[in-house]
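Contents: one structure, followed by commentary.
Keep in mind the model is a prediction, meaning the values are calculated, not measured. Throughout, a chain's letter reflects where its sequence line sits, starting with A, and its residues are numbered from 1.
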Amino acid sequence: MFLASRGEREAYSATAGGWRCNAIRRVRWIPLLVLMLQGTARAEPIKLQLAAPPIAQPGDVVTFEGTITNTTGVTLTASDLFLNFSGYDPSVFAFTQLLGVSDFVLPNNTFSRLLKLFDASIAVGTPTGEHAFSVELQDTFDNSSGVISARLSVESARAITPEPSSFLLMLAGVAGLAGRHKRSKFAKPRKRLD
Amino acid sequence: MAQAVAAGPNFTTRPPQVLNSGGRVSIALPFLNSGGATAHDVKLTSFTLGSAVRIEPVFPLLLGDVGRDNATAAKAIFSSAGLVVGGRYLITVRGTYDFNGSILGFTLNRYVAIPTAARSPISFLAASVTATVNQAADTWSYTVANKEAVESPRFVNAVSIDMQASFVVTGTPPGWIADTDNFSYVLWYVPSSGAPSSRHIAPGKSLGGFQIHSHAAASQGESYTVTSVNVQTGDGDRVAFGTTLGPGAA
């Protein structure tokens with residue numbers, strides 16, 4: 001989008017009278033400015049990126065993590081940010097915002113470390129498969145990340161491997177000891193190397 | 001994780017209005033349907049402000065349809081006990097809506113700061129209506145409480161409850177009269193008389209015996225209004241507003 005070099009842009013922003021340079025340059029910049037504004041209108045001033053969640057089971061509480069990019073032009077703090085959820089089956093999900101529980105500061109044109117964003121509680125009895133929901137990040141200034149469609153895979157509870165009984169363990173131990181004793185009794189004496 | 005404009009309904013909040021007055025924190029959270037379709041039968045199921053105790057409303061509360069680019073508001077009143085002026089608290093509104101025949105959920109979050117306590121511009125009657133629902137008998141029974149100080153001159157003389165399902169009135173306290181269209185409202189009142197009588201609900205007292213019967217499948221929050229008469233002047237006095245349970249759609 002930018003045809004001017006970085007040096008030119010910096011020079012323009014550094015000098016208050018930069019736009020009064022010459023007519024030719026002004027003509028060259030006007031369409032660019034229009035493009036820039038159109039681009040700004042489309043770009044989301046805050047961006048939310050979700051990390052891939054683990055596979056969940058019914059009854060689990062899954063913590064979603066992610067990063068936030070701030071290009072709003074102002075510094076944001078943790079309590080300036082809110083999450084909205086929609087489009088989910090209320091008999092499957094219950095969402096709890098974690099964002100803001102721990103305070104942080106996110107200056108303009110920076111992105112956050114990996115943050116705990118929200119908990120998704122999966123109802124007991126949730127059928128296996130993928131369950132969809134939408135999440136949107138908003139800030140105090142009504143900037144929005146746009147709606148992000150997400151899915152969470154829910155598997156049935158893992159079959160619990162039965163623990164061998166103590167008796168079986170004891171039998172195995174006795175058998176092992178007996179075998180070792182037998183081997184040592186009938187084994188030929190080893191030659192000493194020294 | 002795809003990022004796009006929602007084809008279905010999607011809700012986005014707007015700055016909330018917060019009033020701290022008379023030991024109560026009232027919050028109105030506007031929210032906009034920024035999605036691509038109408039959300040039908042939007043129903044609020046909960047509204048929390050940190051760990052504050054909610055006073056009003058009773059949930060679930062039906063807000064109706066919210067069209068694309070249209071806004072509505074979730075309102076609630078909390079006790080200010082335990083809330084710190086200037087402190088920031090997370091408000092969470094949960095609800096459901098109907099989209100293409102499926103009931104879907106939504107959760108809205110927003111941090112609010114508790115403002116300095118202000119004197120309320122309007123004084124309300126201290127009164128409430130509580131409901132007892134007997135699902136087996138399909139009845140909703142109401143008790144009206146006059147919570148004014150005992151020396152208050154305000155006696156309750158009428159209570160009106162909005163309804164959104166067909167019903168019949170099956171209980172009216174002695175000396176009271178019921179007026180209803182059997183679908184959208186019921187009004188119980190004491191017939192007009194000069195001085196308040198024993199039929200009025202005196203300050204510090206409550207009165208039961210208000211009952212309706214409906215075959216509605218579930219309960220939902222409905223608005224009520226309680227009015228009072230001033231025994232010193234004989235004129236109508238303060239009014240109380242709130243929500244209580246009434247018959248509604250499942």
Side-chain angles (χ1 to χ4, degrees), chain A residues 42-44 46-53 64 66-67 69 76-101 103 117-121 123 131-152, chain B residues 1-16 29-37 39 41-46 48-51 59-60 66 71 74 86-114:
Chain A
R42 272 195 229 105
E44 309 297 356
I46 48 174
K47 191 175 175 186
L48 174 67
Q49 284 190 305
L50 296 180
F64 278 75
T67 58
T69 305
L76 296 173
T77 62
S79 60
D80 286 330
L81 296 159
F82 333 111
L83 293 162
N84 300 323
F85 303 90
S86 60
Y88 61 87
D89 184 345
S91 67
V92 169
F93 288 120
F95 295 102
T96 305
Q97 175 170 326
L98 301 177
L99 196 58
V101 171
D103 207 5
L117 300 170
F118 60 91
D119 274 346
S121 300
H131 296 274
F133 63 93
S134 297
V135 58
E136 179 182 27
L137 178 70
Q138 250 194 284
D139 71 12
T140 305
F141 310 101
D142 291 335
N143 295 307
S144 164
S145 66
V147 177
I148 296 169
S149 299
R151 287 180 177 276
L152 183 68
Chain B
M1 307 285 175
Q3 189 166 331
V5 174
N10 181 67
F11 297 114
T12 307
T13 62
R14 289 292 176 261
L29 178 67
F31 60 97
L32 173 80
N33 180 358
S34 54
D41 295 334
V42 176
K43 193 181 283 185
L44 300 184
T45 55
S46 78
T48 59
L49 167 67
S51 55
F59 292 116
V66 182
R88 291 177 78 84
Y89 298 87
L90 185 68
I91 55 177
T92 301
V93 174
R94 292 189 171 91
T96 60
Y97 58 93
D98 185 326
F99 176 57
N100 285 344
S102 297
I103 302 299
L104 301 174
F106 67 91
T107 303
L108 308 173
N109 293 287
R110 190 122 190 168
Y111 279 95
V112 294
I114 304 300

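The contact between A/Q97 and chain B is made by backbone and side chain atoms together, counting heavy-atom distances below 4.5 Å. Neither the backbone nor the side chain of A/S144 comes within less than 4.5 Å of any heavy atom of chain B. At a 4.5 Å heavy-atom cutoff, the contact between B/R88 and chain A is made by side-chain atoms alone. For B/R14, the parts sitting under 4.5 Å from any heavy atom of chain A are the backbone and the side chain alike.
Looking at heavy atoms from C-beta onward, B/F31 lies out of side-chain contact with A/N84 at the 4.5 angstrom threshold. When side chains are defined from C-beta on, A/F133 does not count as touching A/V92, because their heavy atoms never get closer than 4.5 Å. In this structure the side chain of A/L137 reaches within 4.5 angstrom of the side chain of A/L99, judged on heavy atoms.
B/I91 and B/L49 get closest at one heavy-atom pair: CG2-CD1, 3.3 Å.
When the salt bridge (charged side-chain N to carboxylate O under 4.0 Å, His left out) test is applied to B/D98, no partner is found at least two apart in sequence or on another chain. Applying the ring-ring contact (aromatic ring centres under 6.0 Å, His included) test to A/Y88 and every residue at least two apart in sequence or in another chain returns A/F95.
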Intermediate values then yes/no, ring pair (Phe, Tyr, Trp, His ring centres under 6.0 Å), A/F93 and A/F118:
CA-CA 12 Å; A/F93 288 120; A/F118 60 91; 9.3 Å; no

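Between chain A and the options B/T92, B/T96, B/T45, B/T12, heavy-atom pairs under 4.5 Å are most frequent for B/T12.
Using a 4.5 Å cut-off between non-hydrogen atoms, the part of residues 100-109 of chain B that approaches chain A consists of B/I103, B/L104, B/G105, B/F106, B/T107, B/L108, B/N109.
Residue pairs meeting the salt bridge (Lys or Arg N to Asp or Glu O under 4.0 Å) criterion with at least one partner in residues 89-99 of chain A, sequence neighbours excluded, are absent.
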